[in-house]
Amino acid sequence: MNADQRREIFRRLALSIPDPRTELNHASTFELLVAVILSAQATDKGVNLATNRLFADASSPQAVLALGVTGLEAYINSIGLYHGKAKHIIETCRLLIDRHGGQVPDSRAALEALPGVGRKTANVILNTAFGHPVIAVDTHIFRLGNRIGIAPGKTPLAVEQKLTKSTPPEYLPDAHHLLILHGRYVCTARAPKCGTCVIRDLCEYKSKGPAT
DNA sequence: ATCCCGAGGG
DNA sequence: CCCTCTGGAT
């Protein structure tokens, strides 16, 4: 796939997705961090259902820490992997207070030092909250990179590096959300909606059905 | 490589 | 029923 094709793909995605932002409910960077930790192997819809109640009662590191693991679990036990996530979030709140004055840090190293925060979550915060031109490679973007052929790679990190290198600079800030939303609603894991896909003719996926 | 682990969709 | 959902820690 060449540079012109990549630019055309992002141009069309930007036209079809006018508001490329996260669908995770949040009113602060701290709330976004908690929501992104919860979103691992879970749907945004399910996360929002839990965080709507959680953030109404506890919207600061101090308030969430005060809930304790068991108290926090009561809000998030409808989400998969909730026990581990509760422990991580409580520990993360403690570190935010002890090391960062209760604020969410804006460096990759400091973010990845927080329990429950790996490269993907750190990249989401850096991009969404702090405007850094980085691309968080989640399950959707990993799938699209390989399926479309825009950034094939065996690991999420390999896909991220190819995307970072090959994405037209003007699309880098929004690339993460353009790709993830396209993956969520059109280029789905199970039965991709190739019939209504705006980049169908530029895609390398071999199993496309007939155009509609 | 394996474990964590609930809800919704096909 | 099986697969998938904005992964991370061990």
Side-chain angles (χ1 to χ4, degrees), chain A residues 13 17 19-26 29 31-54 69-70 72-95 104 108-130 132 134-148 150-151 153-160 163-164 167 172-195 207 209:
Chain A
L13 289 181
I17 303 171
D19 192 24
R21 292 183 303 153
T22 180
E23 295 183 343
L24 292 168
N25 291 341
H26 66 284
T29 302
E31 290 189 1
L32 177 66
L33 176 62
V34 172
V36 177
I37 292 174
L38 289 173
S39 72
Q41 302 292 284
T43 61
D44 277 11
K45 195 175 297 182
V47 171
N48 287 338
L49 204 60
T51 55
N52 280 342
R53 293 183 294 110
L54 172 62
V69 173
T70 306
L72 178 55
E73 281 180 348
Y75 289 92
I76 67 172
N77 59 16
S78 61
I79 301 173
L81 316 179
Y82 70 92
H83 185 62
K85 290 173 181 176
K87 288 203 308 189
H88 288 151
I89 288 169
I90 292 299
E91 242 357 83
T92 281
C93 287
R94 198 187 310 279
L95 287 178
V104 176
R108 174 190 307 287
L111 285 166
E112 290 189 4
L114 301 169
V117 180
R119 186 178 185 89
K120 178 261 172 180
T121 298
N123 278 346
V124 173
I125 300 299
L126 290 172
N127 178 33
T128 303
F130 298 116
H132 294 205
V134 299
I135 301 177
V137 175
D138 67 339
T139 178
H140 291 296
I141 298 183
F142 183 71
R143 178 180 69 251
L144 267 63
N146 285 289
R147 181 188 281 168
I148 298 172
I150 192 174
K154 290 182 179 174
T155 66
L157 181 59
V159 171
E160 179 189 330
L163 275 177
T164 302
T167 299
L172 259 181
D174 287 338
H176 168 70
H177 289 112
L178 290 174
L179 291 171
I180 197 170
L181 292 171
H182 183 65
R184 182 175 302 167
Y185 295 114
V186 181
C187 194
T188 48
R190 237 201 261 187
K193 299 170 178 59
C194 301
S207 305

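First the proteins, then the strands, lettered A, B, ... as listed; each starts at 1.
Within residues 173-189 of chain A, no residue places a heavy atom under 4.0 Å from DNA chain B.
Atom CG in A:Leu157 sits roughly 15 Å away from atom C1' in C:dG8 (whole-Å rounding). The distance from atom CG of A:Leu24 to atom P of C:dG7 is 10 Å, rounded to the nearest whole Å. C:dC5 atom P lies 12 Å from atom CZ of A:Phe142, rounded to whole Å. In this structure, the NZ atom of A:Lys87 is 13 Å from the C1' atom of C:dG8, given to the nearest Å. Atom-to-atom, NZ of A:Lys45 to P of C:dT4 comes out at 18 Å; the value is rounded to the nearest Å. Counting to the nearest Å, the C1' atom of C:dA9 and the NZ atom of A:Lys85 are 14 Å from each other. We find that CG of A:Leu144 is positioned 14 Å from C1' of C:dT4, with the value rounded to whole Å. Residue A:His83 contributes atom NE2, which lies 15 Å from atom C1' of C:dG8 at whole-angstrom precision.
Distances shown here put a side-chain N or O of A:His140 below 4.0 Å from the OP1 or OP2 atom of C:dC5. For the OP1/OP2 pair of C:dC5 and a distance below 4.0 Å, the side-chain nitrogens and oxygens of A:Gln41 include no atom meeting the criterion. Within the structure, a side-chain polar atom (N or O) of A:Arg143 is placed less than 4.0 Å from OP1 or OP2 of C:dC5. Distances shown here put a side-chain N or O of A:Thr121 below 4.0 Å from the OP1 or OP2 atom of C:dG8.
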Apply side chain to side chain contact (heavy atoms under 4.5 Å, CB included) to the pair A:Thr51 and A:Glu31, showing each step before the final yes or no. CA-CA 8 Å; A:Thr51 55; A:Glu31 290 189 1; over 6 Å; no
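Applying the side chain to side chain contact (heavy atoms under 4.5 Å, CB included) test to A:Thr155 and every residue at least two apart in sequence or in another chain returns A:Leu157, A:Ala158. Partners of A:Leu172 under the side chain to side chain contact (heavy atoms under 4.5 Å, CB included) rule, at least two apart in sequence or in another chain, are A:Pro133, A:Ile135, A:Thr167. Taking A:Ala86 as the reference, A:Val69, A:Leu72, A:Glu73, A:Ile76 meet the side chain to side chain contact (heavy atoms under 4.5 Å, CB included) condition, with sequence neighbours excluded. In this structure A:Arg147 satisfies the side-chain hydrogen bond (donor to acceptor under 3.5 Å, both in side chains) test with no other residue, sequence neighbours excluded. Scored by the side-chain hydrogen bond (donor to acceptor under 3.5 Å, both in side chains) test, A:Tyr75 finds A:Asp57 as partners (sequence neighbours excluded). Taking A:Asn123 as the reference, A:Arg108, A:Glu160 meet the side-chain hydrogen bond (donor to acceptor under 3.5 Å, both in side chains) condition, with sequence neighbours excluded. With sequence neighbours excluded, the residues that form a side-chain hydrogen bond (donor to acceptor under 3.5 Å, both in side chains) with A:Arg184 are A:Glu23, A:Asp44.
Across all non-hydrogen atoms, the minimal contact from A:Ala122 to A:Glu112 is CB-CG, 3.8 Å.
When heavy atoms are screened at a 4.0 angstrom cut-off, A:Gly84 is found touching no nucleic acid atom at all. Among the heavy atoms of the strands, none lies under 4.0 Å from A:Val36. Across all strands, A:Val117 comes closer than 4.0 Å only to sugar-phosphate atoms, never to a base (heavy-atom distances). Within the 4.0 angstrom heavy-atom criterion, no nucleotide atom of any strand lies near A:Gly46. Contacts of A:Leu114 with the nucleic acid, taken as non-hydrogen atoms under 4.0 Å apart, involve only primed sugar atoms and P, OP1 or OP2.
Nucleotides of DNA chain B lying under 4.0 Å from heavy atoms of chain A occupy a range whose first and last members, 5' to 3', are B:dC4 to B:dG10.
Nucleotides B:dA7 and C:dG8 have their P atoms positioned 22 Å apart, rounded to a whole Å.
Evaluated for a side chain to side chain contact (heavy atoms under 4.5 Å, CB included) with A:Leu111, the options A:Val124, A:Thr121, A:Val104, A:Thr92 yield exactly one hit, A:Val104.
With DNA chain B read from its 5' end, the first of the two nearest nucleotides for A:Leu81 and A:Lys193 is the one closest to A:Leu81.
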